[in-house]
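So the structure is just underneath, and the comments pick up after that.
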Amino acid sequence: MKALERPEFRALFQEQRDPLFRFLLRLTRNASDAEDLLQETFLTVWRKRQLFEGRGSAAGFLRRTAYRLFLNQTELATRRADLAPIVNGEHVHESTTDPERAETIGFLVRHVQAALDELPEPTRTAFVLFRYEGLSCAEVAETQGAPQKTVETRIARATQCLAEKLRAYRHHAANL
């Protein structure tokens, strides 16, 4: 089967570019890194298009490739950080017209992000794909190369862990 030839690849690119960018942005937390990985993903899929055998969806093949490239980049960054530590800066959140509300939202976003960052990597990614990107458990399983029951367990554990870690901030969210 000659899947993903030029017309099919072009259609896949047009259909999946924005969702894949959002997926990578959630993983990397950096627009520039997400854009770089997006380009690398499409180049890799084009170069290795003969590996797509038609089992599963082309979009799943694309997401799985993007996820593996992200993991490779993360591993490389970790090794480089061990050699030369990098100082991380804080992101400035956009302001709203109500400064108190903006401060509360910023406060909550920082705590949610910190709680997400504390989750172990396969669990964190499964949760982000399911809750933020709207992928089904089957699609997350295909992306991560894991059984669907494993993905369901990861999502349930992440939800429970986040609920426990963020319980103290419920009153802040209720006041928005």
Side-chain angles (χ1 to χ4, degrees), residues 3-53 56-96 102 105-146 151 154-155 158 162:
L4 294 181
E5 290 304 320
R6 198 171 295 271
E8 293 86 0
F9 186 80
R10 181 174 286 127
L12 180 67
F13 175 82
Q14 291 171 344
E15 176 186 310
Q16 293 296 317
R17 185 200 184 290
D18 291 341
L20 189 62
F21 176 76
R22 286 191 308 272
F23 164 60
L24 291 168
L25 183 60
R26 292 210 187 272
L27 291 175
T28 63
R29 300 177 205 107
N30 180 291
S32 179
D33 290 343
E35 186 65 39
D36 289 346
L37 275 173
L38 179 73
Q39 291 175 18
E40 188 175 344
T41 299
F42 279 107
L43 282 171
T44 301
V45 168
W46 176 251
R47 287 182 191 132
K48 297 184 177 187
R49 65 189 180 277
Q50 72 280 359
L51 297 177
F52 179 68
E53 299 171 345
S57 68
F61 180 68
L62 188 66
R63 276 193 308 272
R64 194 168 45 257
T65 302
Y67 180 63
R68 288 184 178 141
L69 288 170
F70 163 74
L71 291 177
N72 291 345
Q73 179 195 48
T74 302
E75 181 181 327
L76 180 62
T78 301
R79 283 187 295 193
R80 285 184 178 161
D82 289 343
L83 297 174
I86 299 171
V87 177
N88 293 327
E90 281 194 41
H91 295 287
V92 178
H93 298 284
E94 59 184 69
S95 62
T96 62
I105 290 172
F107 173 82
L108 291 171
V109 166
R110 284 189 301 277
H111 285 304
V112 168
Q113 189 61 54
L116 271 172
D117 289 345
E118 291 176 13
L119 293 173
E121 184 46 47
T123 302
R124 179 190 173 282
T125 301
F127 181 83
V128 167
L129 291 174
F130 183 75
R131 295 285 182 199
Y132 289 101
E133 291 301 318
L135 271 62
S136 69
C137 285
E139 291 170 322
V140 174
E142 182 181 351
T143 299
Q144 290 191 318
V151 167
R154 288 174 181 169
I155 293 168
L162 291 171

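With a 4.5 Å cut-off on side-chain heavy atoms, Glu139 and Glu133 do not count as touching. Leu162 is listed as a side-chain neighbour of Leu119, based on a closest heavy-atom distance under 4.5 Å. Residues Leu71 and Glu121 meet the side-chain proximity criterion, which asks for heavy atoms closer than 4.5 Å. Between Phe61 and Leu12 there is no side-chain heavy-atom pair separated by less than 4.5 Å.
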Run the side-chain contact (heavy atoms from CB on, under 4.5 Å) test on Tyr132 and Phe127 for me, step by step, so that the C-alpha distance in whole Å, both residues' side-chain angles and the decisive distance to 0.1 Å come before the verdict.
CA-CA 8 Å; Tyr132 289 101; Phe127 181 83; 4.0 Å; yes
Check the pair Glu8, Arg49 against side-chain contact (heavy atoms from CB on, under 4.5 Å), reporting the backbone distance first and the verdict last.
CA-CA 11 Å; Glu8 293 86 0; Arg49 65 189 180 277; over 6 Å; no
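Under the side chain to side chain donor-acceptor pair (under 3.5 Å) criterion, Arg17 pairs with Glu35, sequence neighbours left out. Taking the ring-ring contact (aromatic ring centres under 6.0 Å, His included) definition, one finds that Phe13 meets it with Phe42, sequence neighbours left out. For Asp117, the side chain to side chain donor-acceptor pair (under 3.5 Å) test picks out Arg29, Gln113, with sequence neighbours left out.
Between Arg154 atom CZ and Leu129 atom CG the span is 11.0 Å, to the nearest 0.5 Å. With rounding to the nearest 0.5 angstrom, the CZ atom of Phe9 is 11.5 Å from the CD atom of Gln16. To the nearest 0.5 Å, the span separating CZ on Arg10 from CD on Glu15 amounts to 15.0 Å. Once rounded to the nearest 0.5 Å, the distance linking CG of Asn72 with CG of Leu37 reads 9.5 Å. Here the CZ atom belonging to Arg131 is positioned 11.5 Å from the CG atom belonging to Leu116, to the nearest 0.5 angstrom. With rounding to the nearest 0.5 Å, the separation of OG1 in Thr41 from CG in Leu69 is 4.5 Å.
Listed here is the closest heavy atom pair of Phe23 and Arg63: CE2-O, 3.9 Å. When all heavy atoms of Ile155 and Cys137 are compared, the closest pair comes out as CD1-SG, 4.0 Å. Nearest approach of Thr28 to Asp33, heavy atoms of both residues: CB-CB, 4.0 Å. Here the shortest heavy-atom pairing between Leu25 and Asn30 reads CD1-C, 3.5 Å. When all heavy atoms of Tyr67 and Pro122 are compared, the closest pair comes out as OH-CA, 4.3 Å. In terms of heavy-atom proximity, Ala126 sits nearest to Val151 at CB-CG1, 4.5 Å.
Remark: side-chain polar atoms of Arg110 are paired, donor with acceptor, to backbone N or O of Gly106 under 3.5 angstrom. In this structure, the side chain of Arg64 engages the main chain of Glu142 through a donor-acceptor pair within 3.5 Å.
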